[in-house]
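Down below is the structure, laid out as C-alpha cells.
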Amino acid sequence: FAYFYGSPRWERGSSMTLTYAFSPWNMIDYISLPEIRGVFRRSFSKWASVIPVNFTEIEDYGSANIKIGFFRGDHGDGEPFDGVLGVLAHAFSPENGRFHLDEAETWAVDIGKVKSKVAVDLESVATHEIGHILGLAHSSVKEAVMYPSLRPRSRKADLKLDDVQGIQALYGSNPNFRYSSLLESENSSNKA
Amino acid sequence: RFTPGQVTVITTDDHNATWHGFTRFKDAEKGSRVSGMSELKKYFQRFGYLSIPDNQNCSFTDVFDAQFESAVVLYQKKFGLPVTGKLDSDTLSEIMSPRCGVSDTGPKVRATKH
C-alpha cells in the first residue's frame, strides 16, 4: 500500500462521518439512480466496515464532503478523460473530495447482464476511488482494490489485506472489524 | 432510459479503445526508434514514471533511450511485473489495460513498504 505525499487524511475526531452526494447535472441515465446509489452505498460500506468512519448520502451536492459525478473529456480539473477504456475515473486526495467517473465508459452494475466487451464494473471502480478519497495511493499488490488497473468485464470490489492494512494505518480499526473474516474471504477467493 | 431487469445489449468494439495503438511497440527495447513512441512516453509521464523533458520545447522523442528504459523498469516494479526493461507482452498488456487516472508514483505519492 502507499499514501499520498504527507499522508493526508480526513480529520474529524474519533467518530467521523463523511457526507457524499451525486451531481445533479453530471450523471448517466442508462443506469437508474437508485441502482447507482445502491452501488455506492455498498462501496462506502466496505471501507466503513474496517475503519471508524461513517458515510452518509445527502442531497445537497455543494455541501457534501465527497462530490460524485460522471464527466466527459476535458471537465476542468486538468485531467481530461479519454473516451472508451483508458482512464476510467479519478478521485482526489483528502480533504478535496472530488470523485469523477468517465461518462464515455459502458458502466455496469451487473456485468452478466451487459454484453459489451468494454463494460466496466461500477462497484469495483467506486470502491477503488473511495480509497483515494480516504488517502490511499496505488498499491503494487495485484489482488488489492488499490491496484491501478481493472480489465474490462472484470470485478475487484472486495477489500484485500493490503487495502485494510493501509487504510487502518491512517484511521485506526473499526472496533467491530475482525481480521479473521477478511482472511476467510481472501482464502476462499484465492481457492476460487 | 431502460426499465430495470431488461438486459442491456451494447456491443462496442474495443479496437479503438484508448491506448490500443500501443501494441505496435511490442518488444521494443533500448536503442530502438519507433514512430509514435513519444505518445507512450507521455503516458509514462502522466502516471509519474517520467519527468517532462527539459529540452527547448519540452517534447518527447520517439527514441527508446536510457531514461525511458529506467521508466519502464520502475513501471514493471510498481506493477509487480517481471523486470526486463523491455516492452514485453506482459508489460504492454498492463499498459493498455483500463485504469485509474491517479498517478502511481512521483512527488505526490509516498510509497510505504509493509
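All values derive from a computational prediction rather than experimental measurement. Sequence lines set the chain letters: A, B, ... in the order given, protein chains first and strands last, and positions in each chain run from 1.
Heavy-atom minimum distance, A/Phe4 versus B/Val102: CE2-CG1, 3.8 Å. Across all non-hydrogen atoms, the minimal contact from A/Val87 to B/Trp19 is N-CH2, 3.5 Å. Between B/Pro98 and A/Leu88, the shortest heavy-atom distance links the atoms CB-CD2, 3.7 Å. A/Lys142 approaches B/Phe79 most closely through the heavy-atom pair NZ-O, 3.3 Å. Across all their heavy atoms, A/His128 and B/Cys100 have their closest contact at NE2-CB, 3.4 Å. When all heavy atoms of A/His138 and B/Lys78 are compared, the pair lying nearest together is O-NZ, 2.7 Å.
Annotation: A/Lys156, atom NZ; neighbour count of heavy atoms from other residues, nucleotides and ligands within 6.0 Å is above 12. Within 6.0 Å of the CD1 atom in A/Ile58, the count of heavy atoms belonging to other residues, nucleotides or ligands exceeds 12.
B/Leu50 and B/Leu74 fall within a single hydrophobic cluster, where Ile, Leu, Val, Met, Phe, Trp and Tyr are joined by side-chain heavy atoms under 4.5 Å apart, directly or via other members. Connection of A/Val125 to A/Ile28 is established within a shared hydrophobic cluster, with ILVMFWY side chains joined at heavy-atom distances below 4.5 Å, either directly or through further cluster members. Note on A/Ile111: it does not cluster hydrophobically with A/Val114, by side-chain heavy-atom contacts below 4.5 Å among ILVMFWY residues. A continuous path of hydrophobic side-chain contacts links A/Val53 to A/Trp10 [ILVMFWY only; heavy atoms under 4.5 Å]. In terms of hydrophobic clustering, with Ile, Leu, Val, Met, Phe, Trp and Tyr side chains grouped at heavy-atom distances under 4.5 Å, A/Phe44 and A/Met16 are assigned to a common cluster.
Contact annotation for A/Ala108: neither backbone nor side-chain heavy atoms come within less than 4.5 Å of a heavy atom of chain B. Using a 4.5 Å cut-off between heavy atoms, A/Pro80 contacts chain B through its backbone alone, with no side-chain atom that close. For a residue to count as touching a neighbouring chain, one of its non-hydrogen atoms must lie under 4.5 Å from one of that chain's; by this rule A/Tyr147 touches chain B with the side chain only. If you measure heavy-atom distances from A/Glu129 to chain B, the contacts under 4.5 Å come from the side chain alone. Contacts between B/Leu81 and chain A at a heavy-atom distance below 4.5 Å involve the side chain alone, from C-beta outward.
The distance from the NE2 atom of A/His90 to the CZ atom of B/Arg99 is 12.5 Å, given to the nearest 0.5 Å. Note that OG of A/Ser149 is 11.0 Å distant from CD1 of B/Ile95, once rounded to the nearest 0.5 Å. Residue B/His20 holds its NE2 atom at 10.0 Å from CG of A/Leu85, rounded to the nearest 0.5 Å.
Among A/Ala169, A/Ala104, A/Ser139, the residue making the largest number of heavy-atom pairs under 4.5 Å with chain B is A/Ser139.
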